[in-house]
A.B. asks: 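Below are the structure tokens for one structure; questions will follow.
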Amino acid sequence: MKRTHHCNELRPAHVGQTVTLAGWVHSRRDLGGLIFIDIRDREGRTQTVFDPSALPADLFARAAGLRSECVINVTGVVRNRPGGTQNTKIATGEVEVGVTGLEVLNMAEVLPFPVDDPETAAKVNEELRLQYRYLDLRRPEMARNLRLRSKVATATRVFMDEQGFLEVETPTLFKSTPEGARECLVPSRVHPGQFYALPQSPQQFKQILMVAGVERYFQLARCYRDEDLRADRQPEFTQVDIEMSFIDREDIYALIEGLLKRVWKTALNMDLPTPFIRMSFHEALNRFGIDKPDTRFGMELVDFTEEFRATTFKVFSGVIAAGGVIKAINAKGLAGATQGQIETMTEYAKGFGAKGLAYIKVESGEWKSPIVKFFTAEEKAALTAKLAIQEGDLILFAADQWLTACEILGKIRLYCAEVLKGQGKLTLPVDQFNFLWVVDFPLLSFDKEQNRWYSSHHPFTAPVAEDVPLLTTDPKKVRGQHYDVVVNGVELGGGSIRIHQPDVQRTIFEQVLQIPGDMVKARFGYMLEAFRYGAPPHGGIALGFDRMIAILCGTPSIRDVIAFPKTAKGTDLMTDSPAPVEPKQLRDLHLDLKVAKKD
RNA sequence: GGGGGUGUAGCUCAAUUGGUUAGAGCGCUGCCCUGUCACGGCAGAGGUUACGGGUUCGAGCCCCGCCACUCCCGCCA
């Protein structure tokens, strides 16, 4: 007997009908003479009742032998529950199925962890959840995440199709381009000693597609990076990859705002206000100390360089004399910070090369600080006014070159926010999404160790047109046509208008990035050549799909929105990969291992 | 590669800071129970305290090593 309804379907309107449900035994309440079994499928659950007075003895005995997660088919008659026994917690709680037939499709052994109790299950060791991922995914919370992911993927495809985009698949067996992230290599059997690389992103293919005249391309592209993992980074992940021809930055902003509006409406039934605000890289750093600011709370950076220009405090005066800045934030209500917390923040500062971290605790009506004795009345008044200092506040200073000072306080700002959240002094609504575009990034950054410039984004990013002459004279001042879309302090995506003139691209490669000509030819020759045969102006963006789903699901870890994620060491606990291979496989691939064999 | 956290019953956690036989809730097993939905009642089983060393009269607790998971730094054009 096939099922006639799913387990979230029956309502009082079905009363009297004979139905068949199929699913898992979610919970069982055996009252001795009467057995209740909640049957669960992916849609929900329904209570079934086994009454011995209405059933053959052997059927009732089989029902008594069922336990959690057995798979069953149940046939019976829908009826209203007796007065006072309705369950308002579930959608099917007004009715129940009076069982007339039971088919046990499969028994289940006792589970390694419960899947029926959300509170317990959510706390289960993640190691165990990953090892038994198929059980973990049965939990309604995880099933919801998978479903939401699927809905958003579909909504994305529909939206992009409406906007005239073609979904084009690009190769995952690509070639190594050693700039950027470390790549996963795939040895070639046919070509001894040669390797494919899995793409970090389809960047080059999508630009070639523009040369190919596709004009509007997108793909839910699987990407690979052989770097260490984080809660928001997996070695393989999915991005919504987009590229368009004959456009400028504004077209990308409008497109992505439209896409995100659609996605948020689909997933959360929320109407995102657009357009998103825009913030320059400089402003983001200056106010929030980071290029992906979380604007849901204040605690902004305040500059005191002018106020301390004549200070007798040598640490400050020395920094100012060297062209640096004095910045501060007010962590409101954190005067009670523990020594350990101050220590943690000091370590952050030292991580950026600072000697230490100056602070003031405003407690019992006085400023408790090792440095306040150096401050004049005017300096104190300026601090009080510009930081709105009150009893209970914690003031933290950074004195360094502008970028470093900003980054130190940006890091500390986020840490303070975490501490305040932990103390219940800062609460961020779960339905608040502060989107913004960060723009006007510097095209190039300088690598002190290697004494050369490198691309802040990637080497195909176009400079802002009016800055092109500065490329060879003052690279630091060149702004890139690069943009990031940020929400609640998370970098959701980024992209750029690309260089489509081969000569500008060649200048960037050879003169600015100092990549030798023959190496440029070996790695990007086909691209430069393609651009000679009529490349349209183009640009694009990629959104981190996993991160977007995680934000929509309200989880901090993208592992919760990936069906089969890997651990922090890149292993899969369910399949036990990676794993050794047979000697013959290695021989076929012309590989010789140098690692000691593990037994 | 570096730093922090965690690891005790199938699961989630205790164990008065080194002291008797390592406990609880849930789960599991058996018996009882006809309106439960966190069903209830009675009884019971279940432990190499991740693993390997060491200190000590005595170690779940202290020390060294190691493994796994996790968070962060480096890394992620």
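In this text, all values refer to a predicted model and were calculated from it rather than measured experimentally. Reminder, nothing fancy here: chain letters follow the sequence lines and each chain counts from 1.
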A.B. asks: Whether the side chain of A:Arg225 and the base of B:C76 hold a donor-acceptor pair under 3.5 Å is what I'd like checked.
C.D. replies: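 Side chain to base: no pair present.
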A.B. asks: Starting at CD of A:Gln203 and ending at P of B:C76, how long is that distance when rounded to a whole Å?
C.D. replies: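 Answer to the nearest Å: 17 Å.
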A.B. asks: Should B:U17 be called syn or anti, with syn set as within 90° of 0?
C.D. replies: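 With its glycosidic angle within 90° of zero, B:U17 counts as syn.
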A.B. asks: Taking CG from A:Asn125 and C1' from B:G5, how many angstroms apart are they, rounded to a whole number?
C.D. replies: 13 Å
A.B. asks: Can you identify which nucleotide, out of B:C11, B:G27, B:C71, has its nearest atom closest to the A:Val124 side chain?
C.D. replies: B:C11
A.B. asks: Minimum heavy-atom separation for A:Val512 to A:Trp453, with atom names?
C.D. replies: O-CB, 4.0 Å
A.B. asks: A:Leu130 has an atom CG; how far is it from atom P of B:G7, in whole Å?
C.D. replies: 19 Å
A.B. asks: Nearest-Å distance, CD (A:Glu227) to P (B:C72)?
C.D. replies: 16 Å
A.B. asks: Taking atom P of B:G27 as reference, at what distance in whole Å does atom CZ of A:Arg28 sit?
C.D. replies: 10 Å
A.B. asks: With both distances under 3.5 angstrom, what nucleotide forms a Watson-Crick or G-U wobble pair with B:U6?
C.D. replies: B:A68
A.B. asks: Decide if atom CZ of A:Arg222 counts as having more than 12 heavy atoms of other residues, nucleotides or ligands within a radius under 6.0 Å.
C.D. replies: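 Correct, the count exceeds 12.
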A.B. asks: Salt-bridge test for A:Arg138 and A:Glu69: reply yes if a basic N is under 4.0 Å from a carboxylate O, no otherwise.
C.D. replies: yes
A.B. asks: Would A:His482 and A:His458 count as a close aromatic pair, with their ring centres under 6.0 Å?
C.D. replies: no
A.B. asks: Quick one: on RNA chain B, does A:Ala568 or A:Pro114 contact a more 5' nucleotide (nearest heavy atom)?
C.D. replies: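 The residue mapped nearer the 5' terminus is A:Pro114.
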A.B. asks: With a 3.5 Å limit on both atom pairs, tell me what B:C76 is paired to, counting Watson-Crick and G-U wobble, or say none.
C.D. replies: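 Across all strands, not a single nucleotide pairs with B:C76.
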A.B. asks: Can you tell which of B:C76, B:U29, B:C69 lies closest to the side chain of A:Ala181?
C.D. replies: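 Ranking B:C76, B:U29, B:C69 by closest atom to the A:Ala181 side chain puts B:C76 first.
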A.B. asks: Quick one: is B:G4 close enough that its OP1 or OP2 comes under 4.0 Å of any side-chain N or O from A:Thr344?
C.D. replies: no
A.B. asks: Go along nucleotides 32-37 of chain B 5' to 3' and tag each nucleotide: B for a protein heavy atom under 4.0 Å from its base, S when only backbone or sugar atoms are that close, - otherwise.
C.D. replies: -BBBBB
A.B. asks: For the atom pair CD1 (A:Ile412) and OH (A:Tyr348), what is the distance rounded to the nearest 0.5 Å?
C.D. replies: 9.0 Å
A.B. asks: Strictly under 6.0 Å, is that where the ring centroids of A:Phe174 and A:Tyr196 end up?
C.D. replies: no
A.B. asks: Taking atom CG of A:Asp576 as the centre, report whether more than 12 heavy atoms of other residues, nucleotides or ligands fall under 6.0 Å from it.
C.D. replies: no
A.B. asks: Could you tell me how far apart A:Asp232 (CG) and B:C75 (P) are, to the nearest whole angstrom?
C.D. replies: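 So the CG-P distance, A:Asp232 to B:C75, works out to 16 Å.
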A.B. asks: Give a yes/no on whether any side-chain N or O of A:Lys411 is located under 4.0 angstrom from OP1 or OP2 of B:C73.
C.D. replies: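 For B:C73, OP1 or OP2 has a side-chain N or O of A:Lys411 closer than 4.0 Å.
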A.B. asks: Starting from P on B:U70, measure out to CG on A:Leu229 and report it in whole angstrom.
C.D. replies: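 After rounding, the reported distance stands at 9 Å.
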A.B. asks: For B:C11, give the paired nucleotide (Watson-Crick: N1-N3 plus N6-O4 or O6-N4; G-U: N1-O2 and O6-N3; both under 3.5 Å), or none.
C.D. replies: B:G25
A.B. asks: For the side chain of A:Asp228 and the base of B:G74, is some donor closer than 3.5 Å to an acceptor across the two?
C.D. replies: yes
A.B. asks: What is the separation between atom NE2 on A:His26 and atom C1' on B:G27, rounded to the nearest whole Å?
C.D. replies: 15 Å
A.B. asks: Taking everything shown except A:Lys421 itself, do over 12 heavy atoms lie less than 6.0 Å from its NZ?
C.D. replies: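 Enclosed: over 12 neighbouring heavy atoms sit under 6.0 Å from NZ of A:Lys421.
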A.B. asks: Between the side-chain atoms of A:Arg230 and the base atoms of B:G74, is any donor-acceptor pair under 3.5 Å?
C.D. replies: yes
A.B. asks: Please name the nucleotide paired to B:U56 by Watson-Crick or G-U wobble geometry with both distances under 3.5 Å, or report none.
C.D. replies: none
A.B. asks: If the cut-off is 4.0 Å, is A:Arg559 near the phosphate of B:C71, judged by side-chain N/O to OP1 or OP2?
C.D. replies: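 For B:C71, OP1/OP2 do have a side-chain N/O of A:Arg559 under 4.0 Å.
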